[in-house]
Amino acid sequence: MVSPVALWLVTWCGCPSLFCLYRLNMAALLRSARLLKSPLFLVVPMMWTDLYTLLFCSLSSYTSALPCVSCRQYGVVPEQRGLVKDEPSVAVRSKQAQQFDWALAKLDSSVRRTGRVTKTLLLHIFHDICRTGYPSGNQALLMLRSCGSLLPEVPLVERIELSQRIWDKLQELGATYDVSHYNALLKTYLQNEFRFSPTDFLAKMEAANVQPNRVTYQRLIAAYCEVGDIEGASTILGFMKSKDLPITEAVFNSLATGHARARDMDSAEGILSVMKGAGIEPGPDTYLSLLNVYAEKGDFAKMKQTLEMVENADIHLMDRDLMQVVFSLTKAGHQQYVPEIVERMHHERGYVPDAMNLCLSLITHGHEETAFSVLKSFTGLLVQSQTSDSPDLGNFFLRHCVNMDKSVENIVRFCKDLKDSGLHSSPLQFTLQCSLEAKKTGMAVELMRRMKEEGVPLRPHYFWPLFTHYQKEKNISGTLQALRAMQELGVASDMDTFSIYILPSFPSVDSARTSLKVIVLDMCVFLLFYVTVLKHFGLITWVDNLSSPALPNVDLSAFRASLISGFRGVKLVLLSFFAENVAYFLYNLIDSMNETEVHSKEEQLREYFGLLKNMNISISLNIFRGIRNILESYQVPELVKLSCVSQIASCFCQGLEGKLSFLEKTLAELKAEGKTASSTLKKVITVLCAEEVKRALELKILYEADMTPAAYAMLINLCCRHDNAEEALKLKMELARKDSEVALDAQKYVALVRVLSKHGKLEEAIDMLKEMKEKDVQLRDGTISLLTLTMNTAAMKGDANSIRRLQEAIFTLGLAKPSSNLCSPLITCYLESGNYAGAFDATVEVHKQYNQMPKIHDLICGLVEKGDAELLQNVVEFLSQERGEMMMLYDLYFAFLQTGRYKEARKIIETPGLRARPTRLQWFAEKCIAAQQMEPLENMVDMTVKLFECDRDDMYHCLLRLCKETNDWQKAEATWMKMQEENLAPRERTLRLLADILKNNDKEVPFEVPEMTGEEMAVSINTHIQHHVLFIKTADPTTHFAISQTTVVFNQYPSSFCLLSATDHVPEFSLSDNANSLLIVSQVKRCQMKDALGTLKGMLQADQVPSQLAITRLVQGLASEGNTQDIQEVEALVKTLGSIKLSSMLFVNNAALAHIKNEDIDSAVELLQSFYIQNTDNQKSSISFVFRKVLDANNDAALDKLSAMVERLCNHFASYRAATDLFLMYLDTGRTEEAKFLLQRCAAVNEQKDAMFTYMLRAAQQPGQAAKIKALSELIPDFTEKENIYSHLVKCCGLDKDFSSAKALYERMQAEGVKADELTLKRLALLYKEAGEPVPFEEPPESFSFYADKLKKQRSESMEPADC
């Protein structure tokens, strides 16, 4: 049966009054929806198919979307207020954009990794956005999107309150809302089951002059259907029809839910037939909607029947879909069916994080028992991956139970079950930790009681979080309560508990003594109290108390640390360590002054020395001698600097003809005079090489005696360029006869190989390759590409034999390593002729010989198009065996996409366990963009919507790039709609790209376009070290050293120690830029971070520029204290100074170290990981500094998490720099086994040869590094040539004066046939002579510098063509 209201939809077109009605605004239409109950509209009963035939006659496309969750309450969207705010500056917008990129990266990483975000992270980002004061539209979209199902740990009411708070606050700050924001808010309402009025929602949109789009109407239909209001949904459907908006599968899914909620199951089940009649094939989401409505009814028989229909229809329901069914069953009170649904799950890739989110949602909704049963169903998967001897599975479950205030009885039962099952080694202790962190005192004390009953020992530090909480809140009664609980549980207080956590809670000594007397404490505890007071409240007051005979006779050595701490707190001893720093300043002050300045400032200096004497500050003898020597040196007359300026005048002939005429005339004159004309002849040939081949050859014959190798090289290259193989070969033979030792550069050899092989002279071409090997001519990337082009030319002719011969020669001679490009011409040869069997055999041959598999995509595409199933099966089996099933599936998937077999492609991508491979997806996307193939790329983007860990923004960005290439603004607009349906918050680069497409076609941009960030516009900065000197700055302009800079005003000038007292006591004495910079360094050295930061601000206020060293030391000092907030402040200050060249990683590395110092390792990991993921330009940036600090501190906890991070970056994001840094740091600190293990887990580190070579160069500059270079060469033998390794090892032996090792090294070189260069022999000879042994080879006669310059020149020439 069909409802009368639905019947009206068929007849509405013929009613004039209704036509007028639909011309009204949508909100008014919905208000009049109650008219639909009038009998006037109950016309003729019709069947279901007829009902929807008219409604969907214009259906053009559909996009599947996840079914919306139910809503239960009604409310209204906040009204958009047109607040007017000043436009933010470009700098502010740029800064905010950078912060937003960081926030988006963190949120995106969290969602893709775990499927959720935490409320803490969301609020942190929200507060950061609010602090800037100028939120962008994209930031608002990101925040709203995160307030729904991505917060499974937050109750629904809190989610709604958070979304309303974000909406109002960002709007108040000036955020501009468009239709995407309203759609995101609608999605949030639906996911949080918030009952609202669609009519009022539309009215608010109209009041804000925001036009709803298809996504808006779809979600309004979902809102009506969630409460079973089919009439309201039908009204929206009619309005969509009037606007010719397509009806998608999501609409049908909502209607199925709506009919079920209206208790019309027949109509709900009839949706399937209606969809088929409308030309839409029901997908997984449609069947999921039916399963959910059956779950709500508890009709398990119908659920089984629907699951069978799904299997018969060859449709795959993902584990995530079945989890929604579990949630629906549990909420409806039908938990008894949950185990059967859980058994049907396939444990796909991403199952564990999805199951964890299901458990969290169930706990949040009060179904922890069901959540625990689900937890136990997937812990087996976690056990398999558990590497520790102490399992800790279920932590997230226990933590959330604590946060949601579940009963202690249930929590203890869960803990017992986990421990008995061997899933968790110490669940009670972990739960106690969670309750303490959550400041749940009652729960914590009760858990400790249970622990004591079970014989688990209790420690004093268990109570520290409670004391910390009470101390912050100045809650003395809470502190006493916690202290009583310690006594009741029999936990003895120790010194740290008293000194750090109890005494600071009291405002005074008397208050502490009075309060603690209320509690009966033993005498040892009172002794602790007295000694602790020494540390906190002074020394003198309590000395008598320590001497009291009432105190017990105990060993005071136990309290030595606190006693020393108390004495060190006395301010009288602080002056003793100032002297060294003052002496340091004084030396630099004198050193920075020239003779004139010393004489002019003699009186002031004398007064300053007197001031230091009066302060009883002395300086060491060494520094005194340095100052004396400087002052004595100023008595020498000033050196006169002479400068000589040479001016070289040259005259060049203009134009080719004039230049050639001039050179030929010069050549004839030289010939007539009998002088050598080699240089001029070379210049003439250079000019003729532009075009005049014949004339150049004639000159060669005429002046053959004056032909140099360089001239021959140019002529050979000219003949190759003009495809003259005979003449090129003839010239090469002449050159060999004149000088057999001469070698051409690589490009000319490859040009010869190309032209000779092209003209059938294969043997001569191979001879050229052999000569390259004999003369050690190195191939570079450009010349290797020319070799590939040479073989591709043969492939077009079908000459497979020539390709095989050339490949064999290239690889056997070691001229180049086998690569996909060099191996591909052989397969291309067969593919071009349509011989797919031959192409497959060649692929197997190449893989067996060279471990390469080129052109596999083209091969599979050809087989799919040809329909050769048997050969395709063989290829698939080969790929699966050699590259793994995952890679084989992607190869097959891309082939199906390329050939238009989209149904088969969808089945492949929905394979259980398949996860996103960003590099593979990006490869196919780039291929589609290059070929301007919209259809396969669009289908890939649609199919990967549920692919685990798929970066949806990357997918849509690629699609929009193609839209820009083809100038298809309609497709770009449709893509924007799909992004809203997915509730995706795109990155700013994606929004800018979409805006460019729309603007270029004179279309309105429906969102706020974000500004380009400075980071995106900036070029890489090379850092350098500055020399730091001090200057005296006075009112005298002749002695005033000024540095021009941008003025930045701050409101605090530092007050410092004794050096600055000179500025107070000595008239006209002030510190210059560099003096203040060194002051900052000294303040950091004494851990006076606040003073150092104040000095920096004061410098900026005084228009001074701090040095790079000062800022670096300040940031490092802040990191050592864990002060992330001040690091961010310094970063903000420094951004205003364009003249300072700081390390690009200074703030990132030290911010991470600050997080680690605060034991917030997760934040450090997230910071570093997002840094590498969000921008490919960051791949060359090093975090070795972080690893060095962590390794030096033996911080195993941080190292473990950082190691896991580098593995993720390497294996999941193809980002290898972090893993390479850790590997090299392991080597540098002697942890060879850890380095070897890292190589096994991150194989790509082996390929980072540039970094390895740079490490070897740096290591060879310092003594004691030979073992590190040896370890590197043993782990990665082929990171560079053996000659380089041995030469640097010899250099290390020379630095270490290690003759025995050098001798053994030389003998090994001789045995292995490694030729040593002259500089290496010179170093070896020196070691032999210093050891008094005869040199076993002829020592090179020149100096070290001569051979060093010669080697440097050879290396530079190897980078340039050898034709001149």
Side-chain angles (χ1 to χ4, degrees), residues 95 98-99 101-102 105-106 109 1013-1026 1084 1106-1135 1137-1157 1160-1161 1163-1193 1195 1198-1199 1201-1203 1205-1206 1208-1210 1213 1215-1226 1228-1229 1245 1248 1250-1251 1254-1255 1258:
K95 178 182 177 183
Q98 293 172 9
Q99 292 176 340
D101 286 341
W102 165 82
K106 290 195 73 173
S109 173
T1013 65
E1015 219 175 82
E1016 292 168 322
M1017 302 173 65
V1019 295
S1020 59
I1021 301 174
N1022 294 323
T1023 60
H1024 68 278
I1025 304 299
Q1026 298 179 348
V1084 171
S1107 68
Q1108 183 251 11
L1109 177 65
I1111 296 174
T1112 302
R1113 291 290 181 267
L1114 175 57
V1115 173
Q1116 290 173 349
L1118 294 171
S1120 67
E1121 292 186 351
N1123 193 338
T1124 57
Q1125 184 175 353
D1126 283 351
I1127 291 176
Q1128 293 175 356
E1129 184 177 2
V1130 173
E1131 184 177 10
L1133 294 176
V1134 170
K1135 284 181 180 178
L1137 302 173
S1139 59
I1140 299 181
K1141 306 297 184 183
L1142 294 170
S1143 167
S1144 59
M1145 294 299 292
L1146 174 64
F1147 296 100
V1148 175
N1149 284 339
N1150 284 283
L1153 289 173
H1155 286 304
I1156 293 172
K1157 176 68 176 179
D1160 187 5
I1161 303 173
S1163 294
V1165 169
E1166 288 180 5
L1167 172 64
L1168 296 174
Q1169 183 168 284
S1170 63
F1171 173 80
Y1172 281 109
I1173 294 174
Q1174 68 185 357
N1175 194 341
T1176 56
D1177 294 339
N1178 293 336
Q1179 302 309 315
K1180 294 183 179 180
S1181 300
S1182 172
I1183 55 173
S1184 297
F1185 184 72
V1186 176
F1187 293 134
R1188 166 69 73 180
K1189 291 292 185 180
V1190 170
L1191 289 170
D1192 289 347
N1195 191 339
L1199 185 60
K1201 292 192 176 183
L1202 289 172
S1203 300
M1205 178 198 73
V1206 303
R1208 281 196 302 275
L1209 289 172
C1210 186
F1213 300 97
S1215 178
Y1216 310 122
R1217 183 56 195 249
T1220 306
D1221 287 341
L1222 182 56
F1223 169 77
L1224 293 176
M1225 198 50 62
Y1226 277 146
D1228 204 56
T1229 54
V1245 174
Q1248 311 309 305
D1250 288 344
T1254 303
Y1255 174 79
R1258 189 169 60 249

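The first residue in the sequence is number 1, and the count goes up from there.
Under the rule for a side chain to side chain contact (heavy atoms under 4.5 Å, CB included), the partners of D1160 that lie at least two apart in sequence or sit in another chain are H1155, D1162, S1163.
One distance of note links OH of Y1226 with OG of S1203; it measures 3.5 Å at 0.5 Å rounding. Distance check: L1191 CG to D1228 CG gives 9.5 Å after rounding to the nearest 0.5 Å. The CZ atom of F1147 lies 8.0 Å from the OG1 atom of T1112; values are rounded to the nearest 0.5 Å. Taking CG of D1126 as the reference point, atom CG of L1114 lies at 8.0 Å (rounded to 0.5 Å). Atoms CG and NZ, on N1195 and K1157 in that order, are 10.0 Å from each other to the nearest 0.5 Å. The distance from atom CG of L1118 to atom CZ of R1113, rounded to the nearest 0.5 Å, is 13.5 Å.
Side-chain contact between V1148 and V1186 is absent, with no heavy atoms from C-beta onward closer than 4.5 Å. Between V1165 and R1208 there is a side-chain heavy-atom pair separated by less than 4.5 Å. Counting heavy atoms from C-beta on, the side chains of S1184 and Y1255 never come closer than 4.5 Å. Using a 4.5 Å heavy-atom threshold, the side chains of L1168 and L1209 count as separate. Contact annotation: the side chain of V1134 never approaches that of V1115 to less than 4.5 Å [non-hydrogen atoms, C-beta and beyond]. The side-chain heavy atoms of M1205 and I1183, taken from C-beta on, include a pair separated by under 4.5 Å.
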I'd like to know whether F1185 forms a side chain to side chain contact (heavy atoms under 4.5 Å, CB included) with Q1116, so could you lay out the CA-CA distance, the side-chain angles of the two residues, the decisive distance to 0.1 Å, and finally the verdict.
CA-CA 11 Å; F1185 184 72; Q1116 290 173 349; 3.8 Å; yes

One pair to check against side chain to side chain contact (heavy atoms under 4.5 Å, CB included): N1123 and Q1125. What are the steps and the verdict?
CA-CA 6 Å; N1123 193 338; Q1125 184 175 353; 4.0 Å; yes

Checking K1189 against N1149 for the side chain to side chain contact (heavy atoms under 4.5 Å, CB included) test, could you report, in this order, the C-alpha distance in whole Å, the side-chain angles of both residues, the deciding distance, and whether it holds?
CA-CA 10 Å; K1189 291 292 185 180; N1149 284 339; over 6 Å; no

Hey, mind stepping through M1225 and T1220 against side chain to side chain contact (heavy atoms under 4.5 Å, CB included) and telling me if it holds?
CA-CA 8 Å; M1225 198 50 62; T1220 306; over 6 Å; no

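In terms of heavy atoms, F1171 sits closest to S1181 at CE2-CB, 3.7 Å. When all heavy atoms are compared, the tightest approach of A1164 to A1152 is CB-O, 3.5 Å.
Under the 3.5 Å distance criterion, the side-chain polar atoms of Y1172 are left unmatched by any main-chain donor or acceptor of V1206.
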